[in-house]
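Down below is the structure, laid out as structure tokens.
What you see is a predicted model, and the numbers here were worked out from it, not measured in a lab. In this chain, numbering begins with 1 at the start of the sequence shown.
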Amino acid sequence: MEMDEKLHGFVVGSVPTVIYIPEFINDSEQTQLLNHIYQAPISKWKTLKNRRLQNWGGVVHEKGLISQDLPPWLTKITQRIHEELGIFPAAPNHVLINEYQPDQGIMPHQDGPAYFPAASILSLKSPVVMNFTPHLKLSECGGTAESEAIPQNSEQSTVPLNSHNSFSLLLMPRSLLIFKDLAYSDYLHGIEDNAVQPFDGAVNLTEAVKDSGFNDLLPRLTCAEESSSGDAKTLCRTAKRVSLTCRLVLKVRKNLIRI
Ligand SMILES: O=C(O)CCC(=O)C(=O)O
Ligand SMILES: [Fe+2]
């Protein structure tokens, strides 16, 4: 799939390929989505130790998706992602909605093998910092000069290696994040279960604060009480974050029989 020309302007960082689109939806679209999410029956929520989630589109198995139609309020988003971005060969057919309290996150992980190798994540409500770290495969292969300099049998070797290659993103409400290629295949992504998150080195810092009015936003993002950290930009999560992870499973079986 050819990446749409206009998307090139939204590529951030140096690892192929991370795309950050600020203000992908407007305020009223955000409100409408949140209304739909919180109108869903309570049984739709699955509570995990560190977050709650709603699964839409069916059940993902290693071999494919036992699909169920997405509701119209979600196909509106998935269709738009498909048509405007040209990254997926079809509209995403699976949406995972995650809700995080300010001190909740998601462990560094790689998305499952059933998905077309690209993820699109729409963020709602509170900003959050997402971290990308190369996973063991990349570290062990010694694909970079840095890794060759570190003894492979050293227990500490993964720490400096990972921190050197890691990067983070500041995900603002109403933004859309897409990651694919190496960022999808060779990196883990995660969110720290911490209400205070540094965002100093975020690869999309300019883009994240630009459209929302840098001057207005930065003092609100930065913890006033964190004076000990000097100029370090630190995000204080004070509200819930809700995200919609929209992905495509190519192998689909319609769920005709209720199990
Ligand atoms: O909430 C997010 O932004 C990340 C969610 C995620 O990584 C996933 O659902 O696989
Ligand atoms: Fe994920």
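In this structure, L34 and L124 have side chains that are in contact, with non-hydrogen atoms separated by less than 4.5 Å. Annotation: side chain of R237 is in contact with side chain of V128 (closest heavy-atom distance under 4.5 Å). Here the side chains of Y100 and K240 are not in contact, with every heavy-atom distance at 4.5 Å or above.
In summary, the aromatic rings of Y187 and F167 are positioned with their centroids under 6.0 Å apart.
Sorted by first and then second residue, the pairs that involve residues 241-253 and meet side-chain hydrogen bond (donor to acceptor under 3.5 Å, both in side chains), not counting sequence neighbours, are D111-R247, Y115-R247, S123-R241. Under the salt bridge (charged side-chain N to carboxylate O under 4.0 Å, His left out) criterion, the residue pairs touching residues 49-76 are R52-E99, D69-K254, with sequence neighbours excluded.
Counting only distance, with no hydrogens or angles, the side chain of S175 and the backbone of L171 share no donor-acceptor pair below 3.5 Å. In this structure, the side chain of N55 engages the main chain of G58 through a donor-acceptor pair within 3.5 Å. H109 places a side-chain N or O within 3.5 Å of a backbone atom of M107 that can act as its donor or acceptor partner. A distance-only check finds a donor-acceptor pair linking the side chain of Q104 to the backbone of Q101 [under 3.5 Å]. Looking at Q54, its side chain never comes within 3.5 Å of a backbone N or O of N98 through a donor-acceptor pair.
Hydrophobic clustering (ILVMFWY, side-chain heavy atoms < 4.5 Å, transitive): Y184 and L188 are in distinct clusters.
Qualifying ring-ring contact (aromatic ring centres under 6.0 Å, His included) partners for W73, counting only residues two or more places apart in sequence or in other chains: H36, W56. Residues forming a salt bridge (Lys or Arg N to Asp or Glu O under 4.0 Å) with E29 (at least two apart in sequence, or on another chain): none. In terms of the side-chain hydrogen bond (donor to acceptor under 3.5 Å, both in side chains) criterion, residue partners of D193 (sequence neighbours excluded) are, by chain and number, N50. Take N26 and apply the side-chain hydrogen bond (donor to acceptor under 3.5 Å, both in side chains) test, not counting sequence neighbours, and it matches S28. For E84, the side-chain hydrogen bond (donor to acceptor under 3.5 Å, both in side chains) partners two or more places apart in sequence, or in a different chain, are R80. Qualifying side-chain hydrogen bond (donor to acceptor under 3.5 Å, both in side chains) partners for N194, counting only residues two or more places apart in sequence or in other chains: none. K44 meets the salt bridge (Lys or Arg N to Asp or Glu O under 4.0 Å) test with no other residue; sequence neighbours excluded. By the side-chain contact (heavy atoms from CB on, under 4.5 Å) test, A90 pairs with L248, sequence neighbours left out. Legend: residues meeting side-chain contact (heavy atoms from CB on, under 4.5 Å) with V252, ordered by chain and number and at least two apart, are L65, S67, N93.
To the nearest 0.5 angstrom, L176 atom CG is 5.5 Å from S120 atom OG.
With a 4.5 Å cut-off between side-chain heavy atoms of Ile, Leu, Val, Met, Phe, Trp and Tyr, the cluster of L53 takes in L48, L96.
In terms of heavy-atom proximity, S166 sits nearest to T133 at OG-CG2, 2.9 Å. Nearest approach of A239 to P102, heavy atoms of both residues: O-CG, 3.6 Å. For the residue pair F116 and I87, the shortest heavy atom distance occurs at CE2-O, 3.6 Å.
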